[in-house]
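Nothing fancy with the numbering, it's 1 onward along the sequence.
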Amino acid sequence: PKVLDAVGQLLREARRPRNTALPPQTLNTRVANLTRRGRDIANQLLSLYNSAGSERDRELVLEAATELRLILTQPGPD
């Protein structure tokens, strides 16, 4: 019975409407978030490169980093 009560409570809570809408982000906030995420990715690539056990593995990481760099440096539409 206690398990059924607990499950019932969880189901009732899951059905409650929630206000999960996030407020719109400003451009500055979006840029800051993307910059942080980009730094996280760059640090992960660097870590992968430093821990690579072979030249082939390091080359694979460098190819991925180069691809990202090329995407980021493409000129935008004028």
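Using a 4.5 Å heavy-atom cutoff, the side chains of Arg37 and Leu34 are in contact.
The hydrophobic clustering, which links ILVMFWY residues whose side-chain heavy atoms are closer than 4.5 Å, places Tyr49 and Ile41 together. Following chains of ILVMFWY side-chain contacts shorter than 4.5 Å, one cannot reach Leu60 starting from Leu46, and the two form parts of different hydrophobic clusters.
Taking the charged nitrogens against the carboxylate oxygens, Glu55 and Arg58 do have a contact shorter than 4.0 Å, which makes a salt bridge.
Between Val7 and the choices Leu4, Leu11, Asp5, the side chain to side chain contact (heavy atoms under 4.5 Å, CB included) rule is met once, by Leu11.
Heavy atoms of other residues, nucleotides or ligands lying less than 6.0 angstrom from CD of Glu63 number more than 12.
In terms of heavy atoms, Leu45 sits closest to Val61 at O-CG1, 3.4 Å.
A side-chain donor-acceptor contact under 3.5 Å links Thr66 to the backbone of Leu62. The closest donor-acceptor contact from the side chain of Thr35 to the backbone of Val31 lies under 3.5 Å.
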Next on the checklist: Pair Arg36, Asp40 - check side-chain contact (heavy atoms from CB on, under 4.5 Å), show working.
Outcome noted: CA-CA 6 Å; Arg36 181 189 45 78; Asp40 290 345; 3.6 Å; yes
Item to check | Test log, rule side-chain contact (heavy atoms from CB on, under 4.5 Å), inputs Asp57 and Ser54 | outcome: CA-CA 5 Å; Asp57 291 344; Ser54 69; 3.3 Å; yes
